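Reading through the structure tokens given below for one structure.
Reminder, nothing fancy here: chain letters follow the sequence lines and each chain counts from 1. Since this is a predicted model, take the numbers as computed values, not measurements.
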Protein chains: 2
Amino acid sequence: MSLRHAVLGLLVVQPSTGYELARRFDASLANAWHASHSQIYPELAKLEAAGMVEVVGEGARRSKTWGATDAGRRELRRWMTEAEPVRTQRNETGLRWFLVFLLEPAERQAVLEREWAYISAEARERREFTAQLDASGRGGAFRPVLDLAERMETVMIDWLREQADAAEAERP
Amino acid sequence: MSLRHAVLGLLVVQPSTGYELARRFDASLANAWHASHSQIYPELAKLEAAGMVEVVGEGARRSKTWGATDAGRRELRRWMTEAEPVRTQRNETGLRWFLVFLLEPAERQAVLEREWAYISAEARERREFTAQLDASGRGGAFRPVLDLAERMETVMIDWLREQADAAEAERP
DNA sequence: TAACGCATGTAATACGTTACATGATTCT
DNA sequence: AGAATCATGTAACGTATTACATGCGTTA
């Protein structure tokens, strides 16, 4: 049940409305977790009932800003330090990359080029995001995670380029 | 609906029983997709009804070996070349690594050391698997994917080591 | 004033996990 | 003979997606 801990974690980093959480899932947490608003609002209600989040402000359009309570922080800490990590993943991109070697060279090349373009664009966005964060002085704690993302992207981009070139060379 | 394509893909690589598929999901596909037998058997039944897989052999303990039909291969190819990739991921490990920077240095170090040990062990197993495959001459098409896994593991292991050391240095 | 983006919620359906259930074959 | 592993299936429950529904505030 990681949705709970993802929400709790995002709220510890920064109090947000449910709507903002939905966007933050796709921004900072895009390659770790995803949740849409129809899942977030009920989860916030459950977390409130469990005393782990609370409304810390109300704004325009009857919006509520949520923050984590001490109980919520304790639960998040317990989960990170004591709970057995669940290692099962679901990553359609990884599945495609595994299976792309079943395709003929021409089609394989096309798919690999598309993936290369996608990851390159993602890396570009991430670099902009990092630059913004650094400029605003709020880089802080999450700088290491962005650095990891950069290194992984570099590996993926290089690999996709190599495999696309190899597929091209194989074409009859 | 990627379970369908994961099953189809595994069966194109190698015809298998439902039981074998469950193990192959956790072996070759562990960091891309997971499915347990209670999901696999019904999916095989649906794929058979759709004419995409067929029984290609029966063995001991009333086991059935399934293989992909031409229609199944076509559907897999269509999915890879034409279907819009779904990029949403769910990766609890990634979520933990993102949130670990909320912890105090001592606890953070402990979590990072545990993760380092886990990924190192995973890398060791993958290397053994690769060596076996190479020795049996069946390395072939999937060698590139194993190479990508190796590079990613290297990046993760180095990063975890650096962050664990940094956390240790921060301890009061 | 119309369109767009912010903001919150629920309902129906699909997907995934855990638990239950059974039986065959191999190994000790 | 008993335990372990192979092998297949279903049922109940929990999680996630898609579709439906509504209203506020800003901007063109």
### Task
Using atom types as modelled and distance alone, determine if a side-chain donor or acceptor of A:Arg126 lies under 3.5 Å from a backbone N or O of A:Ala149.
no
### Summary
Result for side chain to side chain contact (heavy atoms under 4.5 Å, CB included) between B:Glu75 and one of B:Leu47, B:Asp70, B:Leu8 points to B:Leu8
### Task
Answer yes or no: is there an ion pair linking B:Glu170 with B:Arg108, defined by an N-O contact shorter than 4.0 Å?
yes
### Query
How long is the line joining CD of B:Glu43 and P of C:dA14, in whole Å?
13 Å
### Task
Give, ordered by number, those residues of residues 8-18 of chain B having at least one heavy-atom distance below 4.0 Å to an atom of DNA chain C; if nothing qualifies, reply none.
none
Between the protein and nucleotides 3-6 of chain C, are there any N/O to N/O pairs under 3.5 Å, and if so, what are the atom names and distances?
| from | atom 1 | to | atom 2 | distance (Å) |
| --- | --- | --- | --- | --- |
| C:dG5 | N2 | A:Arg61 | NE | 3.1 |
| C:dC6 | OP2 | A:Tyr19 | OH | 3.0 |
| C:dC6 | O3' | A:Arg61 | NH1 | 3.4 |

### Message
Ignoring hydrogens and geometry beyond distance, is a side-chain donor-acceptor pair present between A:Glu107 and B:Thr81 at under 3.5 Å?
### Response
no
### Summary
Separation of C:dT10 atom P from A:Lys46 atom NZ, nearest Å, is 12 Å
Tabulated below should be each protein N or O lying under 3.5 Å from an N or O of nucleotides 9-12 of chain D; please produce it.
| from | atom 1 | to | atom 2 | distance (Å) |
| --- | --- | --- | --- | --- |
| D:dG9 | OP1 | B:Lys64 | NZ | 3.0 |
| D:dG9 | O6 | B:His37 | NE2 | 2.9 |

### Summary
In whole angstroms, the gap separating P of C:dA14 from CZ of B:Arg4 amounts to 13 Å
#### Entry: B:Glu92 side-chain N/O to A:Val86 backbone N/O, donor-acceptor pair under 3.5 Å
yes
### Query
Can you tell if the side chain of A:Arg90 reaches within under 4.5 Å of the side chain of B:Ser2, non-hydrogen atoms only?
no
### Query
How are the rings of A:Trp159 and A:Trp97 set relative to one another: parallel (under 30°), tilted (30 to 60°) or perpendicular (over 60°)?
parallel
### Task
Take atom CD of A:Glu58 and atom P of C:dT8, then tell me their distance rounded to the nearest Å.
10 Å
### Summary
From CD1 of A:Ile40 across to P of C:dT10 the rounded distance in Å is 14 Å
### Task
Take the protein atom CE of A:Met1 and the nucleotide atom P of D:dA16, then report the distance between them rounded to whole Å.
10 Å
### Query
Any donor and acceptor pair, going by atom type alone, linking the side chain of A:Arg24 with main-chain N or O of A:Gln14 inside 3.5 Å?
yes
#### Entry: A:Arg62 or B:Ser63, whichever maps to the more 5' nucleotide of DNA chain D
B:Ser63
### Query
Does any N or O in the side chain of A:Thr69 come within less than 3.5 Å of the main-chain N or O of A:Gly51, such that one atom is a donor and the other an acceptor?
yes
### Task
Determine: side-chain N/O of A:Arg90 to OP1/OP2 of C:dG16, distance under 4.0 Å, yes or no.
yes
### Query
B:Arg24 CZ to D:dA7 P: how many Å, rounded?
14 Å
#### Entry: Heavy-atom neighbours of A:Arg77 CZ exceed 12 at 6.0 Å
no
### Summary
When rounded to whole Å, the CZ to C1' distance for the pair A:Phe25 and D:dT15 reads 13 Å
### Cluster link A:Met152 to B:Tyr118, ILVMFWY, side chain under 4.5 Å
yes
